[in-house]
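Counting starts at 1 for both ligands and their atoms, in listed order.
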Amino acid sequence: MGTILKVEKLVKKFGNLRAVDNVSFEVPEKSITLLIGPNGSGKTTLLNCIAGIYKPDAGKIWFNGKDITGRQPHEIVNMGIMKTFQIPAVFSRLSLAENLLVFYRKNPGEKLINSFFKKRWINEEKLATLKLFETVQTLEIESQFNRRANELSGGQLKLLEYSKLLMAEPTLCLLDEPVGSINPVLANKIFSYITEARNNMGKTFIIVEHRLDIAVKYVDYIYVLVNGRILCEGVPEEVLKRKELYEVYLSPLPA
Ligand SMILES: Nc1ncnc2c1ncn2[C@@H]1O[C@H](COP(=O)(O)OP(=O)(O)OP(=O)(O)O)[C@@H](O)[C@H]1O
Ligand SMILES: [Mg+2]
């Protein structure tokens with residue numbers, strides 16, 4: 001299996017703080033990688049650097065062998081990398097369906113000149129609608145189709161955040177806490193959808209998640225990030241046995 005993403009000696013600083021500090025790793029295609037670590041350890045910052053939301057201060061990022069370091073977010077999305085957000089990012093006054101249509105990538109009718117010629121955009125509009133129906137059916141959210149995003153529950157918002165990936169069809173999906181603060185039944189369901197997308201569509205996932213009890217069952221490999229650095233890595237059975245993991249991550253909070 002080939003390497004889809006390679007990160008080498010990546011550094012991202014905020015003032016004097018090295019939020020990502022010399023991080024290197026490789027992700028095989030069609031794999032599910034889990035990134036864990038205490039609050040503030042640099043997980044979101046690392047994903048943001050890959051997605052082009054932050055420009056790294058040093059280091060390199062390669063996607064399918066191409067150097068994408070410091071590229072703009074829209075260029076990175078067009079190459080096939082998409083990130084979902086820790087706090088779902090939605091258009092609160094649009095319906096769930098409208099929120100999803102925004103993420104369909106081929107919109108020829110948006111070009112002024114094309115908009116005058118129906119046959120230049122009508123087929124793509126039909127395909128977008130079909131994709132929308134397929135997505136809401138796959139994720140069993142048809143009943144919420146017309147509800148405004150600001151009326152959705154926390155769990156429904158997490159599903160909406162995940163369904164954007166099915167609309168946009170990236171190759172590499174970066175998920176920031178896809179099941180944070182939702183019930184275990186729905187959390188397992190979302191991880192089953194992720195597994196299905198890997199198995200049936202060949203997608204690759206890098207997932208940040210604190211819910212280890214749920215996530216570890218579904219992932220191939222784990223990196224533990226502490227103070228912006230990789231503390232340890234390995235397959236779930238190995239990493240969960242590492243003493244240092246419990247010291248930094250699972251140790252009880254001081255009284
Ligand atoms: N835009 C920013 N400006 C300044 N400091 C930032 C910024 N974003 C993150 N940081 C700091 O960088 C460090 C890493 O933050 P980050 O959000 O990447 O952590 P995290 O591992 O995702 O944490 P959590 O598990 O709480 O989501 C923290 O100390 C945070 O305060
Ligand atoms: Mg975070």
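Each of the following atoms of ligand 1 lies closer than 4.0 Å to a heavy atom of Asn39: 23 (O), 24 (P), 25 (O), 26 (O). Near Gly42, meaning under 4.0 Å from any of its heavy atoms, are these atoms of ligand 1: 14 (C), 18 (O), 19 (O), 20 (P), 21 (O). Near Gln86, with a cut-off below 4.0 Å to any heavy atom, the atoms of ligand 1 are 27 (O). For ligand 1, the atoms closer than 4.0 angstrom to any heavy atom of Glu177 are 25 (O), 27 (O).
The Mg ion (ligand 2) lies at the vertex of an angle of 80° between the OE1 atom of Gln86 and the OG1 atom of Thr44 (rounded to 10°).
Looking at atom 17 (O) of ligand 1, its nearest protein heavy atom turns out to be Thr44 CB, 3.8 Å. The shortest contact between atom 1 (N) of ligand 1 and any protein heavy atom is with Tyr54 OH, 3.2 Å. Of all protein heavy atoms, the one lying nearest to atom 14 (C) of ligand 1 is Gly40 O, 3.4 Å.
A salt bridge is absent between Glu209 and Arg211: the closest approach of a Lys/Arg side-chain nitrogen to an acidic carboxylate oxygen does not fall below 4.0 angstrom. Contact check on Glu196 versus Arg198 returns no salt bridge, with no Lys/Arg side-chain nitrogen under 4.0 Å from an Asp/Glu carboxylate oxygen.
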**Asked** Step by step, would you call Tyr218 with Tyr193 a ring pair (Phe, Tyr, Trp, His ring centres under 6.0 Å)?
**Response** CA-CA 11 Å; Tyr218 300 92; Tyr193 293 141; over 10 Å; no
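By the 4.0 Å heavy-atom criterion, Ser41 is counted among the residues contacting ligand 1.
Under the 3.5 Å distance criterion, the side-chain polar atoms of Thr69 are matched with a main-chain donor or acceptor of Ile61. Within the 3.5 Å criterion, the main-chain N or O of Ser95 finds a donor-acceptor partner in the side chain of Glu98. Judged by distance alone, with hydrogens and angles left aside, the side-chain atoms of Asp220 form a donor-acceptor pair with the main-chain N or O of Ile32 at under 3.5 Å. Between the side chain of Lys13 and the backbone N or O of Pro56 there is no donor-acceptor pair closer than 3.5 Å.
In terms of polar-atom proximity, Phe14 is not counted as a contact of ligand 1, lacking any N or O under 3.5 Å from an N or O of the ligand.
In this structure, Met82 CE and Ile50 CD1 are separated by 15.0 Å, a value rounded to the nearest 0.5 Å.
Annotation: Leu130, atom CG; neighbour count of heavy atoms from other residues, nucleotides and ligands within 6.0 Å is above 12.
Of the listed options Ile87, Leu225, Leu47, Thr45, Thr45 places a heavy atom closest to atom 16 (P) of ligand 1.
In this structure, atom 22 (O) of ligand 1 has protein heavy atoms in its sub-4.0 angstrom surroundings.
Contacts with ligand 1 closer than 4.0 Å are made by side-chain heavy atoms of Leu17 only, the backbone lying farther away.
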